[in-house]
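Comments concern the structure below.
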Amino acid sequence: MFHIIRRTISTTAAQSGKHNFRKFLFYNKRGTRIFKKLRAANPELYADMPIDKRGVRDTGVTRNGQYLEIEEKIPQLVVPNLEGCKFKPYVSYRAPDVIQSEFTSQDLFNAVYAEKVIADFKSGKLNEDGSPTEPSAEESLNPDEAWVRARKTGSDMF
């Protein structure tokens with residue numbers, strides 16, 4: 001009799017995943033949890049071993065062998081107070097799509113200055129060149145002050 005030799009590929013493990021994983025120590029490249037606990041408990045024994053800081057940024061600098069914290073480098077979480085907020089923390093998939101046109105410079109002018117210009121025109125508080133006789137604080141800004149105000153936090157909300 002002739003035997004036909006074939007190769008087969010099995011997509012399941014022989015024991016169908018029934019392994020005792022407590023026997024296998026899966027070491028991380030940066031050390032096991034046990035090693036990290038030992039190093040934290042006895043830093044003088046492991047002082048010569050470098051600490052791997054992959055993905056972590058320092059919040060200070062070392063000067064003359066002493067670590068100095070820099071307050072500006074410590075991340076801060078800025079969380080708004082949502083007390084009394086009627087919105088829910090998620091958006092439903094049933095929410096209607098919002099279709100909005102591009103916000104143009106004309107829209108910005110209408111939102112910020114249009115009411116005052118119309119009120120000044122009706123009350124006759126404009127000079128011959130169209131400038132207001134009593135300018136508001138925003139209208140009397142020089143270009144440098146306007147540039148600084150435009151880049152402040154929260155300037156995009158009006």
Side-chain angles (χ1 to χ4, degrees), residues 11-13 17 21-22 24-44 46-158:
T11 57
T12 59
F21 284 104
R22 292 182 189 162
F24 305 109
L25 296 175
F26 293 109
Y27 294 109
N28 189 345
K29 290 181 182 177
R30 302 167 201 159
T32 63
R33 288 184 184 162
I34 297 166
F35 173 74
K36 288 180 183 178
K37 285 181 183 176
L38 286 172
R39 187 174 60 194
N42 304 321
E44 61 276 351
Y46 301 99
D48 59 336
M49 296 190 77
I51 297 173
D52 189 9
K53 297 181 181 179
R54 212 173 305 175
V56 179
R57 293 182 181 176
D58 283 336
T59 57
V61 293
T62 304
R63 296 282 164 99
N64 300 329
Q66 187 177 10
Y67 187 75
L68 302 173
E69 286 281 335
I70 299 175
E71 191 173 330
E72 290 82 13
K73 292 179 104 179
I74 299 173
Q76 295 179 353
L77 296 177
V78 180
V79 181
N81 183 8
L82 299 177
E83 194 172 308
C85 181
K86 64 180 181 177
F87 297 119
K88 296 185 179 180
Y90 66 91
V91 177
S92 172
Y93 284 105
R94 295 184 201 163
D97 290 335
V98 177
I99 299 171
Q100 185 176 358
S101 63
E102 184 181 346
F103 194 73
T104 63
S105 58
Q106 182 67 42
D107 297 331
L108 179 64
F109 177 82
N110 291 339
V112 178
Y113 296 111
E115 292 178 15
K116 182 164 184 333
V117 171
I118 292 170
D120 286 348
F121 179 75
K122 288 183 179 178
S123 63
K125 294 182 181 177
L126 294 177
N127 296 330
E128 289 84 24
D129 62 346
S131 62
T133 56
E134 301 170 2
S136 65
E138 290 84 16
E139 293 172 326
S140 61
L141 290 176
N142 66 24
D144 294 332
E145 291 173 345
W147 189 88
V148 169
R149 277 199 187 178
R151 277 140 188 88
K152 281 187 179 178
T153 305
S155 65
D156 56 343
M157 301 181 338
F158 49 88

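All figures in this text were calculated on a predicted structure; none of them were measured in a lab.
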Query raised in the report: Taking atom CD1 of Ile70 and atom CG of Asp58, what is their separation to the nearest 0.5 Å?
Result: 9.5 Å
Query raised in the report: Is there a side-chain contact between Trp147 and Leu141 (heavy atoms, below 4.5 Å)?
Result: no
Query - Inter-residue atom distance Arg149.CZ - Asp144.CG, 0.5 Å rounding - result: 13.0 Å
Report summary line: Output for pair (Leu108 CG, Tyr113 OH), nearest 0.5 Å, gives 8.0 Å
Query raised in the report: Within a reach of under 6.0 Å around OH of Tyr67, are more than 12 heavy atoms found that belong to other residues, nucleotides or ligands?
Result: yes
Report summary line: Lys116 and Pro132 have their tightest heavy-atom pair at NZ-CB, 4.5 Å
Report task. Taking atom CD of Glu44 as the centre, report whether more than 12 heavy atoms of other residues, nucleotides or ligands fall under 6.0 Å from it. Result -> yes
Requested in this report: Say whether, by atom type as modelled, one donor and one acceptor occur between the side chain of Asn127 and the main chain of Asp129 under 3.5 angstrom.
Outcome: no
Report summary line: All heavy atoms of Glu69 vs all of Ile74, minimum pair found to be OE1-CD1, 3.7 Å
Query raised in the report: With side chains defined as the heavy atoms from C-beta onward, is the minimum distance between Leu82 and Phe87 less than 4.5 Å?
Result: no
**Report entry** Whether Asn81 side chain and Glu83 backbone form a donor-acceptor pair below 3.5 Å
**Finding:** yes
Query raised in the report: Which value, rounded to the nearest 0.5 Å, describes the distance between Asn110 atom CG and Thr104 atom OG1?
Result: 8.0 Å
Report summary line: Rounding to 0.5 Å, atoms OG1 (Thr59) and CD (Glu72) come to a distance of 11.5 Å
Query raised in the report: Is Phe121 atom CZ crowded by more than 12 heavy atoms from other residues, nucleotides or ligands, each under 6.0 Å away?
Result: no
Query raised in the report: Any donor-acceptor pair under 3.5 Å linking the side chain of Ser123 with the backbone of Ala119?
Result: yes
Query raised in the report: With a cut-off of 6.0 Å (strictly less than), are more than 12 heavy atoms of other residues, nucleotides or ligands near NZ of Lys37?
Result: no
